[in-house]
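A quick note: this is a predicted structure, and the numbers were derived from the prediction, not measured. So that the names make sense, note that chain A is the first sequence line, chain B the second, and so on, each numbered from 1.
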Amino acid sequence: MSEINVNIVSAEGELFKGSVSMLFVPAISGELGIAPKHAPLLTALKPGEIRAEIADGDDIHIYVTGGILEIQPNQVVVLADSALHAKDLDADAAKKARDEARKAIDGASQDLDLVQAQANLVEAEARYKAAQRLKGR
Amino acid sequence: MAVGKEIRTQISSVKNTQKITRAMEMVAASKLKKTQIRMEASRPYAENIKSVVGHLMHINPEYAHPYLSQRDVQRVGMIVFTSDRGLCGGHNVNVFRATVSKLREFQEAGIEVDLALVGTKAVAYFKRLKVNVVSAVTHLGDQPHVSDLVGTIASMTEAYKEGKIDQLLLIHNVYVNTMTQKPEINNLLPIEKTDEDLLQDHWDFIYEPSAEELLDTVLNRYLESQVYRAAVENVACEMASKMVAMKAATDNAGKFIDRLNLEYNKARQAAITQEISEIVGGAAAV
């Protein structure tokens with residue numbers, strides 16, 4: 001069975017390196033499943049969860065706040081803006097951040113504030129969802 | 001017997017100072033270890049993004065991004081990294097010296113300079129000089145985060161995009177080893193094209209969204225990672241330099257204590273000798 005070499009790094013450290021059988025990433029245009037021999041692709045990521053299926057082992061879940069995905073013929077590189085192993089996610093803190101982000105949108109006075117607040121909300125929402133999913137498992 | 005009271009107080013005061021410098025040395029050593037790990041951790045990202053930038057530039061030679069185009073240099077931006085605290089040997093002084101000599105070079109060539117400062121030491125130093133400081137960020141702590149530096153980076157990249165500056169330099173200490181750190185001036189913008197030989201293999205990528213938009217994001221991330229790396233390396237240098245400086249201070253304090261002890265013992269012996277000779281003299285007189 002063929003596998004893909006995956007390298008997930010953020011500016012503050014390397015999170016995962018190894019071969020996986022299937023990789024799911026939150027690309028800007030929607031969730032993306034990457035199987036071996038995927039065509040070369042370069043895309044931006046949005047906040048969400050990266051899931052890596054390992055042939056004989058547990059899945060790996062990593063939460064990213066956005067970033068860049070590069071698929072080369074023999075290798076996949078995820079350059080995350082900031083990333084966290086899903087087990088390190090704090091569900092309560094994520095919920096609080098989401099609520100605060102919602103409040104900020106209501107109170108936003110200028111367009112710029114609104115754009116910023118909406119971006120925050122998207123991020124907080126994704127973080128909360130990822131944390132919830134992990135909890136339910 | 002009240003011999004050498006002053007010397008004894010001096011000895012105890014030097015001993016106290018020695019305790020402090022020794023403690024600072026040990027703190028710096030443990031922080032150095034931590035920052036070294038952080039420095040290592042930032043390497044994979046920096047290397048990977050560099051190769052992505054390389055691929056992108058190779059594939060899109062026709063798209064002229066402002067970051068990639070060489071311009072006639074009339075005004076230069078410099079980001080200067082220093083520490084927030086002193087007592088770290090030549091760490092900051094070396095950076096200042098490198099910066100000032102570069103400033104002079106630019107002055108002679110008639111090129112104006114904008115400075116962005118990192119660290120309180122730089123802010124204090126450049127306040128006294130007649131230079132144009134556009135932004136300053138202090139108190140990054142021992143664990144700088146990318147988010148703390150985004151403002152500094154943005155102010156410079158905006159200026160570059162608007163054509164206010166034509167080149168962006170990064171001045172910071174480079175960590176060679178614990179004993180050696182040297183200031184280095186690196187060119188950040190415009191981004192130099194990587195060597196052709198290194199990129200033999202390249203492919204046609206699918207882009208999501210368009211290549212232009214992506215290139216913009218990737219280049220910004222690339223700059224951020226470079227600046228972040230400089231910040232982390234700078235902290236490592238500060239700690240290494242502080243460790244060495246404090247070790248020297250502790251050793252010097254030890255030498256000083258030895259000398260004072262010798263002096264104290266001499267004074268004590270002299271007093272005893274004097275006392276004995278007084279007694280002997282007194283007995284002989286009876």
Side-chain angles (χ1 to χ4, degrees), chain A residues 4-18 24-35 37-48 50 62 64-85 88 97 112 116 119-120 123, chain B residues 34-60 143-150 153 199-232:
Chain A
I4 7 175
N5 281 323
V6 175
N7 203 348
I8 302 177
V9 292
S10 82
E12 281 159 28
E14 187 177 77
L15 283 113
F16 176 76
K17 187 176 191 171
F24 297 91
V25 294
I28 199 106
S29 50
E31 173 101 4
L32 205 63
I34 299 154
K37 301 201 177 82
H38 194 286
L41 168 76
L42 199 69
T43 181
L45 300 179
K46 60 185 182 186
I50 295 180
I62 288 170
V64 293
T65 57
I68 300 149
L69 170 86
E70 190 199 28
I71 303 175
Q72 302 165 13
N74 45 13
Q75 150 122 319
V76 175
V77 180
V78 179
L79 299 161
D81 292 348
S82 108
L84 212 59
H85 274 290
D88 300 331
L112 196 68
Q116 181 66 42
N120 283 347
E123 209 246 280
Chain B
K34 275 183 210 149
T35 36
Q36 269 175 328
I37 293 168
R38 290 173 69 83
M39 209 161 75
E40 286 301 312
S42 73
R43 185 165 295 164
Y45 187 89
E47 276 166 11
N48 277 311
I49 197 145
K50 206 167 192 177
S51 79
V52 172
V53 169
H55 292 157
L56 270 174
M57 291 200 306
H58 214 78
I59 293 155
N60 290 39
Q143 304 182 346
H145 286 283
V146 181
S147 52
D148 302 327
L149 294 161
V150 168
I153 302 166
L199 296 161
Q200 286 298 334
D201 45 349
H202 49 87
W203 319 275
D204 277 330
F205 280 99
I206 309 168
Y207 298 104
E208 283 282 351
S210 68
E212 281 83 1
E213 266 174 77
L214 260 178
L215 190 59
D216 204 52
T217 328
V218 172
L219 288 178
N220 274 322
R221 292 282 173 278
Y222 170 72
L223 292 181
E224 278 170 23
S225 84
Q226 294 292 312
V227 176
Y228 171 75
R229 207 175 142 64
V232 174

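- The choice from B:Q143, B:R43, B:H145 that makes the most heavy-atom pairs within less than 4.5 Å of chain A is B:H145.
- Heavy atoms of B:L214 lying under 4.5 Å from chain A belong exclusively to its side chain.
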Exercise for the section: Please step through side chain to side chain contact (heavy atoms under 4.5 Å, CB included) for the pair A:N7 and B:N48, ending with a clear verdict. Expected result: CA-CA 9 Å; A:N7 203 348; B:N48 277 311; 3.7 Å; yes
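- Contact annotation for A:L42: both backbone and side-chain heavy atoms come within less than 4.5 Å of a heavy atom of chain B.
- With a 4.5 angstrom heavy-atom cutoff, B:S42 touches chain A via backbone and side-chain atoms both.
- For the atom pair CD of A:E14 and CD of B:E40, the computed distance is 11.0 Å after rounding to the nearest 0.5 Å.
- No part of A:A27 comes within reach of chain B, as not one of its non-hydrogen atoms sits under 4.5 angstrom from that chain.
- Ranked by heavy-atom pairs shorter than 4.5 Å toward chain A, the options B:V146, B:I37, B:I49, B:V232 are led by B:I49.
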Problem - Chi angles and distances behind the side chain to side chain contact (heavy atoms under 4.5 Å, CB included) call for A:L79, B:R221 - result: CA-CA 9 Å; A:L79 299 161; B:R221 292 282 173 278; over 6 Å; no
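- The CD1 atom of A:I8 sits 13.5 Å away from atom OH of B:Y45, with the distance rounded to the nearest 0.5 Å.
- How far CD1 of A:I68 is from OG1 of B:T217: 6.0 Å, rounded to the nearest 0.5 Å.
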